[in-house]
There are 2 protein chains.
Amino acid sequence: MTTINDIAKMANVSRTTVSRALNNSGYVSEDVRKKIMSIVEETGYMPSVSAKSLRTKRSGVIGIILPRISTETASRLVNGINDVLSKQGFQILLTDTELQKDKEIEYIRLLKSRQVDGIILSATNINDELLQTIQDVDLPFVSLGQDFPGVTSVVYDDYAASVDVTNMLIQKGYDKIAFIGVGEEDPSVGYERKQAYLQTMAKHDLPVQDHWVETGDFSIESGYEGMKRILQNHDAQPNAVFAVTDRMAIGAMEYLKEQGYKIPEDVAVTGIGASVMSKYVSPSLTTVDYFNKEAGEEAARALLGQLQGKNTSKKIKNSYRLILRDSV
Amino acid sequence: MTTINDIAKMANVSRTTVSRALNNSGYVSEDVRKKIMSIVEETGYMPSVSAKSLRTKRSGVIGIILPRISTETASRLVNGINDVLSKQGFQILLTDTELQKDKEIEYIRLLKSRQVDGIILSATNINDELLQTIQDVDLPFVSLGQDFPGVTSVVYDDYAASVDVTNMLIQKGYDKIAFIGVGEEDPSVGYERKQAYLQTMAKHDLPVQDHWVETGDFSIESGYEGMKRILQNHDAQPNAVFAVTDRMAIGAMEYLKEQGYKIPEDVAVTGIGASVMSKYVSPSLTTVDYFNKEAGEEAARALLGQLQGKNTSKKIKNSYRLILRDSV
DNA sequence: CTGAAAGCGCTTACAG
DNA sequence: CTGAAAGCGCTTACAG
């Protein structure tokens, strides 16, 4: 391994000067600079990041905590984050909690010990311990998808989007709308979307049967099972179902098709997420585009802002768009 | 930030001893160890990774180079890699070439300078400069999906899988089989799969019209366009099409459906990849499962092996499985 | 079983 | 414009 000392020797200067030339800090005469640079070029020298980081307390690495690494949403987020960050010379350190919430805390600590310069967290829940940990690490921090009090957060307008979906369904004449959600410990996906549905139904004086409201776990399978349980009760069958994620909506569609229900004639279906799949299932799925990639970019930009000292906790609400397709 | 010196002071021992207690290296009396550990616990001390890495020349980070971060295949690979690596205390540093092949070389160098302990590369092409770079960095290295001479490679059996797909089509009675591939600078996806198709057709004395063989770029859109061009010529229309990726197959299906062709009655369609989507499009897509997650695990294990000094370049062929569904 | 000292490869006041 | 020196937080021979 060639080090800064080797370069210094070869160029007949001190390593101080080499460092200055490399980092464009302080004065270095043109001649010397050129000489150094050409030697760097020749040798393919690259500064040791650990030495640099030990000295400067900055690593050039941003930690990202995701609930699931292998989902379309995660991919898009990472894509957006990476686009913005890599342009500024930052690298990404990815961690995957696999939906275990104690891991969120564990990874925040781990990333801190890895000297990351900042953290972007896509959480599936909010709790005091987590909040406390975020305070403790005292690092530039952005929450993505959940609104953490006192923490810069890039959020989706879950409530408004779900109101829009429900209203759209109602306007199209559906009056018996079922719902497949996720657990309410997830404020954004679990709580907000459900409240929006419930309150919009109430606003229109549309009754909601108890057995119309089901809870899944983000998986296609759980959408299938949820739909099954909803239709088990033959008395009061819904004529539409609002699933809070595309995957669960697609699971619901599977069950409906299997049972010979026509979509949307017998039961209309909607999702959220605008997955690629939603476009290619039959019938194509009405859904909401959350612009995940843009949200990732937003989060990265917010983090960059904090890195440059603008230390105000901000709330950024990303936009969304209803995509009307054949399942309604 | 509390450092090893702080802990040493608090425990009335030298930092040498603290280091030994922390790393279970050398002798430390039970009493002292307990004392140190309780102080570590209390303070929440975490060793500085950069200092450690500067000293030991190991970072605990593995670099991964992907052609596209936001695809299902990439997600599954990363998932598998992460599963294996995180258990051994390794972190992942992800980079995305966005299909630009000069970036593969750039990222290998970058990762090296970041002191990663090893690299896993999922390349879309093979060339001498790339090969040279891999030699130069002289790091534990695993190629995933391409067979690099002299480099440990985890590969899919592209040839055999594509022979199987073609044979299956032929056995089902399809005799006019078109093909949508990708550029041949990609040995695995571009070259191998095409050769398998061509040679299997030849073996069965089935003619292949020139205009039946199209080249896409992995995108759904390019599958759509490829199918369109193939059917443009009304003289010799195929009764099946073998697309080398699910996404292109789904694009082809879109065009077929749009034009009123029945699948599989008029034209059968097959893909490769076993994407989630392939199961939920209508008709469901016949495809090949490449067990990407397992391949990722394999690659991680191979890398771990090299990290432990077993420095033999190995070739690992991952298995695959044909999934017969309704599009054939 | 424990500690003093050297050194990993950088950057950054400080001095000239 | 340039350099000597200190120091970042660790680990690891070496000595006892």
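Hydrogens, waters and symmetry mates are skipped; everything else that's a heavy atom, side chains included, is used. Order of the sequence lines sets the chain letters (A, B, ...), proteins ahead of strands, with each chain counted from 1.
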* Structure fact -> Residues in residues 38-56 of chain A with a heavy atom under 4.0 Å of DNA chain D, by number, are A/Leu54, A/Arg55

* Asked: Would the number of heavy atoms belonging to other residues, nucleotides or ligands and lying under 6.0 Å from NZ of B/Lys315 be above 12?
  -> yes

Below 4.0 angstrom, N of the basic side chain to O of the carboxylate: do [X] and [Y] qualify?
X	Y	answer
A/Lys101	A/Glu104	no
B/Glu298	B/Arg301	yes
B/Lys293	B/Asp83	yes
B/Glu30	B/Arg33	yes

* Asked: Who pairs with A/Val155 by side chain to side chain contact (heavy atoms under 4.5 Å, CB included), at least two apart in sequence or on another chain?
  -> A/Asp147, A/Ser153, A/Lys317

* State, without any angle test, whether B/Ser19 and B/Thr16 hold a side-chain donor-acceptor pair at a distance under 3.5 Å. => no

* A/Gln146 and A/Asp186: side-chain donor and acceptor closer than 3.5 Å? -> yes

* Give DNA chain D the dot-bracket treatment, 5' to 3': Watson-Crick (N1-N3 with N6-O4 or O6-N4) or G-U (N1-O2, O6-N3) under 3.5 Å, [ ] crossing, | other strand. => |||.||||||||.|||

* Asked: Are the side chain of A/Gln91 and the backbone of A/Gly60 linked by a donor-acceptor contact shorter than 3.5 Å?
  -> no

* Asked: Just the endpoints, please: which first and last nucleotides of DNA chain D, 5' to 3', lie under 4.0 Å from a heavy atom of chain A?
  -> D/dC1 to D/dG9

* Can you list the residues that meet the ring-ring contact (aromatic ring centres under 6.0 Å, His included) rule with A/Tyr107, with sequence neighbours excluded? -> none

* Partner of B/Ile65 under side-chain contact (heavy atoms from CB on, under 4.5 Å), chosen from B/Ile120, B/Leu111, B/Leu144 -> B/Leu111

* Passing candidate, side-chain contact (heavy atoms from CB on, under 4.5 Å) with A/Ile81, options A/Leu303, A/Val142, A/Ile92, A/Leu94 -> A/Ile92

* So which of residues 14-25 of chain B are in contact with DNA chain C, with a heavy-atom cut-off of under 4.0 Å? -> B/Ser14, B/Arg15, B/Thr16, B/Thr17, B/Arg20

